[in-house]
Protein chains: 2
Amino acid sequence: MAQIRDVSKRAGVSPATVSRAFSDPGKLSKDTLKRVLKAAEELNYKPNSMAQLFRIKRTNAVLVMVPDVANVLFARILSGIERIATEKDYFLLVSDTKDDPEVERAGLEMVETRRADGVIQLGERGLGDLIADPAPGQIPFVQAVETRSAHAYPIVQINNFAAAESMASYLLSLGHRKIGVLAGLQDRYVTSERLRGFRSALDSFGIGFDENLVEYGAYSMAGGAQAALRLLSRNRSLTALFTMSDEMAIGAIRTAQDLGMQLPHDLSVTGFDNIEFGKYCTPPLTTVMQPAERIGEVAMTLMGNLLRGEITGDAEQTLGTELVIRASVRRLT
Amino acid sequence: MAQIRDVSKRAGVSPATVSRAFSDPGKLSKDTLKRVLKAAEELNYKPNSMAQLFRIKRTNAVLVMVPDVANVLFARILSGIERIATEKDYFLLVSDTKDDPEVERAGLEMVETRRADGVIQLGERGLGDLIADPAPGQIPFVQAVETRSAHAYPIVQINNFAAAESMASYLLSLGHRKIGVLAGLQDRYVTSERLRGFRSALDSFGIGFDENLVEYGAYSMAGGAQAALRLLSRNRSLTALFTMSDEMAIGAIRTAQDLGMQLPHDLSVTGFDNIEFGKYCTPPLTTVMQPAERIGEVAMTLMGNLLRGEITGDAEQTLGTELVIRASVRRLT
DNA sequence: GCTTGCAATGAAACCGTTTGTATTGAAATA
DNA sequence: TATTTCAATACAAACGGTTTCATTGCAAGC
């Protein structure tokens, strides 16, 4: 493989000149520039990035820590991140953390060992949850999910409380009173926030909250299906199911139908996220739109700013959500 | 940030010894080793990977080119790749190519500029489709999809022809005779292979192939929904729809139901891929299981072997598929 | 006791760029 | 004409590790 030395020799200039021909062409005379580029072309010269990066002390790479790459929502966020990263000439390193703090810590180490310039965390653990005393600015870190932990770094999130509240209000406004809740994992902050939103809506309508109508489960179709089975076998008089993710909702719908229920007649179901499948499933799912791609885009934009030193500390971007009304909920007469 | 010099000073040894303490601890005396590690610990020394990689001329990173990261099937393959990559201590660079050859070429350049050691291509374009004369071994390349192009590099694939043929035979064996085909993008090799399999099954049953019952579309729910609409409005007497992806099938189911059809009574639908949603949709989808995670695992394993020089040339791994029978197909009486 | 062999360590070259500083030559100025 | 200025380029020193080769000291063998 040709290197800068070879090009410089062929063009009859010094390596420095070749280097500048690429990084700062304006500095060279028209003539030398042409000669250098020609020589580079002829030798098919490609600069060795490792040597470059080593020298300039940046990697132009950002690590994205994804709890589960195969999850559609994360995949969409990742897609948004990718778009902006490409635009800004950053490379993306992707790590599927399985939500394992050890793996996440290993991820942070990648910026300490200078393999990546920064880390975008799609999981719930914040910087402070992973290392003891995060020296501010030491590890450029952006989190793309609402988190409980105090943070001194940028975050992009949605208002889970408000979104859940408005969805619950919608159900209540249609006359539903016995509403089961298919909650996600109990230890997750988003779960508690969405539950809080749900309860707040009940409050507004002057309806008591029944702990017994809540069932927790994994944020997945299987989790939703199982939780729904537990809840529905316990309580057949529910008219609606407030579900904390579309995947759970889809699992719940399957369960309900397997139990012989007619949807939405016998049971209304709502989701959360607005994944594409919700639009096509039967019945099409009423849900909360979460701007996944946008979340990714904003996260990567923040990361770029952070790396360029344009922002510091705890920027906090809250993106809007929207109710998406489809056929899985019926008005109670 | 502490560097090797600092550690060596504190431990009273040379940098070489510190380096060896990590790369080849057995070479050091018990005593020095302890001293060095202690010093490293105290200074919180993390070797600068860029310096290391620059010196050893490897990146331990592999680029994965994904046509669409938000697509569940690719996401699952990626997940499989990730598992093995982590296991073998490789990092993953991910590029969402949007199936754009220019982006793919840029990807290949990453190994020429030594940003990545090799490339795993999830798209259909082979090495020869991207660059003129791929010098053998120059760019470690593994492709994870059946491809038309001649290849001098490892490929992991499924037998699309056989899988499609067996699915079509299944439909035929249940008595279906008027079977519509929702094909994917017409220029894709997998499309033509699956279509060939379908026709082969027809042949075996002595049934003629009707070009008119084929409708092409994007490999997506929207694509399936649209293609189904075109096909069904043209021909209401179909008893089954042979679909080339689960996403298309799900789109088609939506369309059929919107047209007032009762599934599977009025129309049987089959998919291809076995994505998780197929299990939960209504009716649950009969499909061809494609071992997505496994494909990823094998691809990454091959890449590892390739990089270690253990294999060369055109390894070709064909993974098995399986019919997954669910409720979206009924026996014609 | 002297040589030999080997384990442990150090010195220094090297990896391929970038970049600060020095040098050159020609144009502009006095 | 002598001096200054400036653009264009070269020189050489980094960058932070790894690795080759040389050196040292000690135990084993004669």
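Quick note on labels: first sequence line is chain A, next is B, and so on, each numbered from 1.
The residue B/Val18 sits apart from the nucleic acid: no heavy atom pair falls under 4.0 Å. Backbone-only contact: B/Gly12 has heavy atoms under 4.0 Å from sugar-phosphate atoms and none from a base. Base contact: A/Arg20 has a heavy atom under 4.0 Å from a base atom. Among the protein residues, A/Leu28 comes within range of the sugar-phosphate backbone only, with heavy atoms under 4.0 Å from sugar or phosphate atoms but none that close to a base. The residue A/Ser29 sits close only to the backbone: its heavy atoms come under 4.0 Å of sugar-phosphate atoms, none of a base.
In this structure, B/Arg5 places its CZ atom 11 Å from P of C/dG10, rounding to the nearest Å. Put simply, NZ on B/Lys27 is 10 Å from P on C/dA8, counting in whole angstrom units. Taking atom CE of A/Met50 as the reference point, atom P of D/dG16 lies 16 Å away to the nearest angstrom. Distance B/Lys46 NZ to D/dG17 P: 13 Å, rounded to the nearest Å. To the nearest angstrom, P of D/dG17 lies 16 Å from CG of A/Leu53. Rounding to whole angstrom units, CG of residue A/Leu33 and P of D/dA7 are separated by 17 Å. Separating the CD1 atom of B/Ile4 from the P atom of C/dA12 is a distance of 17 Å, rounded to the nearest angstrom. At whole-Å resolution of the value, CD in A/Gln3 and P in C/dC14 are 13 Å apart.
Crowding of B/Arg5 atom CZ: a count of heavy atoms from other residues, nucleotides or ligands under 6.0 Å not exceeding 12. For A/Glu41, the CD atom sits in a loose shell: 12 or fewer heavy atoms of surrounding residues, nucleotides or ligands are nearer than 6.0 Å. Counting heavy-atom neighbours within 6.0 Å of B/Arg188 CZ, excluding the residue itself, gives a total above 12. Annotation: A/Arg125, atom CZ; neighbour count of heavy atoms from other residues, nucleotides and ligands within 6.0 Å is above 12.
Residues A/Thr17 and B/Ala51 each lie close to DNA chain C; by heavy-atom proximity, the contact nearer the 5' end of the strand is made by B/Ala51. Of the two residues contacting DNA chain C, namely A/Ala2 and B/Ser14, the nearest-nucleotide position lying further toward the 5' end is that of B/Ser14. Nearest-nucleotide mapping onto DNA chain D: of A/Lys30 and A/Ala16, the residue sitting toward the 5' end is A/Lys30.
Contact annotation: B/Gln52 does not reach the phosphate of D/dG17 (side-chain N/O to OP1 or OP2, under 4.0 Å). Contact between the side-chain N/O atoms of A/Lys57 and the OP1/OP2 oxygens of C/dT18 is not found at any separation under 4.0 Å. For the pair A/Tyr45 and C/dT17, the criterion of a side-chain N or O lying under 4.0 Å from OP1 or OP2 is met.
Residues A/Glu82 and B/Ser95 form a side-chain contact, since some pair of their non-hydrogen atoms from C-beta on lies under 4.5 Å apart.
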(Q) For B/Thr113 and A/Ser49: C-alpha separation, side-chain torsions, deciding distance, then whether side-chain hydrogen bond (donor to acceptor under 3.5 Å, both in side chains) applies. (A) CA-CA 6 Å; B/Thr113 62; A/Ser49 335; 3.2 Å; yes
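In this structure, of C/dG16, D/dT9, C/dT18, it is D/dT9 that holds the atom nearest to the side chain of A/Thr32.
Ring stacking holds between B/Phe54 and C/dC15, with the centres under 5.5 Å apart and the planes within 30 degrees of each other.
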